[in-house]
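These notes are about the structure you will find just below.
The basis for the numbers below is simple: all heavy atoms, side chains too, and nothing from hydrogens, waters or symmetry mates. Just so it is clear: chains get the letters A, B, ... in the order the sequence lines come, proteins before strands, and each one is counted from 1.
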Protein chains: 2
Amino acid sequence: MEAAGTIRALSALAQEHRLAAFRLLVQAGPEGLAAGTLAEAVGAAPSAMSFHLAQLDHAGLVTQRREGRSIIYSANYPAMTGLLAYLTENCCAGDACGIDTPAACVSTEFA
Amino acid sequence: MEAAGTIRALSALAQEHRLAAFRLLVQAGPEGLAAGTLAEAVGAAPSAMSFHLAQLDHAGLVTQRREGRSIIYSANYPAMTGLLAYLTENCCAGDACGIDTPAACVSTEFA
DNA sequence: ATTATATCTCAATATTTATTGAAATATTGG
DNA sequence: CCAATATTTCAATAAATATTGAGATATAAT
């Protein structure tokens, strides 16, 4: 992930309702959750939730599919992984720095 | 890390100059970098960089120390780790979901 | 077809956040 | 003490983002 996309993803997550919704989606797994379910769970008005989900979608952090009259959102795991990797990339210039961070795992094994 | 602190951290990182500065600090390791060095490296005015570094500091993502006339900033690695853990916490409800994410590593081994 | 449900879009307003430049503070060297 | 360096603080302006409510669209059930 490059800088612009990373900033879009971080901005998307840096909001109470969106962070709560995204975490619910991460925990829900690939089956995802309906927009209305998320709105109720995080306490947002439907139109506000729609706006927020569009932000997460635009940032590439979630995917959506229609199922009946509901629109189901799911976490985009590779995007999340890429975000974490970008933040920890090349930690301590790549030295075995002994710092208590998952950087080694995040930055090299996953992309 | 709880929701409010996480949002502060994500907001702090969701800005071009601050993200660039934080990544430089992560890569620089515990020795850190001076405010002026960061300002020049990311192309920000000194007063703007000061504002941005204060945001990162307020979010707990960096620490600072004076060294001569310079103020040296360093990445706060445990804070970064906590942020990553919060995002991936309880991924797929804790099931072995087989999803390509460092969640298992981030959420349980580090806090 | 009609009605109800689920969600989205749009425009207006309110709020938050970033940038700029001038002035203040702290430190070092002469 | 005085001048130079490094950084911060403050106030003004500019720009981006969130919230609200009304209306539009798509789907399903009767």
- State, to the nearest 10°, the angle formed by the axis through the first five base pairs of the helix from C:dA1-D:dT30 to C:dG30-D:dC1 and the axis through its last five. 30°

- Task: Please round to the nearest 0.5 Å and tell me the distance separating atom CG of A:L87 and atom OG1 of B:T81.
- Result: 11.0 Å

- Message: According to side-chain contact (heavy atoms from CB on, under 4.5 Å), who are the partners of B:Q64, at least two apart in sequence or on a separate chain?
- Response: B:D57, B:I71, B:Y73

- Which pairs with one or both residues in residues 9-20 of chain A pass side chain to side chain donor-acceptor pair (under 3.5 Å), sequence neighbours excluded? A:R18-A:H52

Donor-acceptor contacts under 3.5 Å from residues 20-46 of chain A side chains, at least two apart:
{"residue": "A:R23", "atom": "NE", "partner": "B:Y86", "partner atom": "OH", "Å": "3.4"}
{"residue": "A:R23", "atom": "NH1", "partner": "B:Y86", "partner atom": "O", "Å": "2.7"}
{"residue": "A:Q27", "atom": "NE2", "partner": "B:E89", "partner atom": "O", "Å": "3.3"}

- Can you tell me if the side-chain N/O atoms of A:Y73 get under 4.0 Å from OP1 or OP2 in C:dA6? no

- Message: For A:R66, give me all partners under salt bridge (charged side-chain N to carboxylate O under 4.0 Å, His left out), at least two apart in sequence or on another chain.
- Response: none

- Query: Under 4.0 angstrom, heavy atoms only, what part of the nucleic acid is A:S50 near: base, sugar-phosphate, or nothing?
  - Reply: base

Identify the pairs formed between an N or O of the protein and an N or O of nucleotides 10-15 of chain D at a distance under 3.5 Å, and give each distance.
none

I'd like a list of close polar pairs between nucleotides 25-30 of chain C and the protein, N/O only, cut-off under 3.5 Å.
none

- Message: According to side-chain contact (heavy atoms from CB on, under 4.5 Å), who are the partners of B:A4, at least two apart in sequence or on a separate chain?
- Response: B:E2, B:R8

- Of all of residues 28-41 of chain A, which get a heavy atom below 4.0 angstrom from DNA chain C, listed by number? A:A34, A:A35, A:G36

Distances for protein N or O near nucleotides 13-19 of chain C N or O, under 3.5 Å:
{"residue": "C:dA18", "atom": "OP1", "partner": "B:R18", "partner atom": "NH1", "Å": "3.3"}
{"residue": "C:dA18", "atom": "OP1", "partner": "B:R18", "partner atom": "NH2", "Å": "2.7"}
{"residue": "C:dA18", "atom": "OP2", "partner": "B:R18", "partner atom": "NH1", "Å": "3.4"}
{"residue": "C:dA18", "atom": "OP2", "partner": "B:Q55", "partner atom": "NE2", "Å": "3.4"}
{"residue": "C:dT19", "atom": "OP2", "partner": "B:H52", "partner atom": "NE2", "Å": "2.7"}

- Message: Once salt bridge (charged side-chain N to carboxylate O under 4.0 Å, His left out) is applied, what residue pairs with a partner in residues 67-85 of chain A remain, sequence neighbours excluded?
- Response: A:R65-A:E67

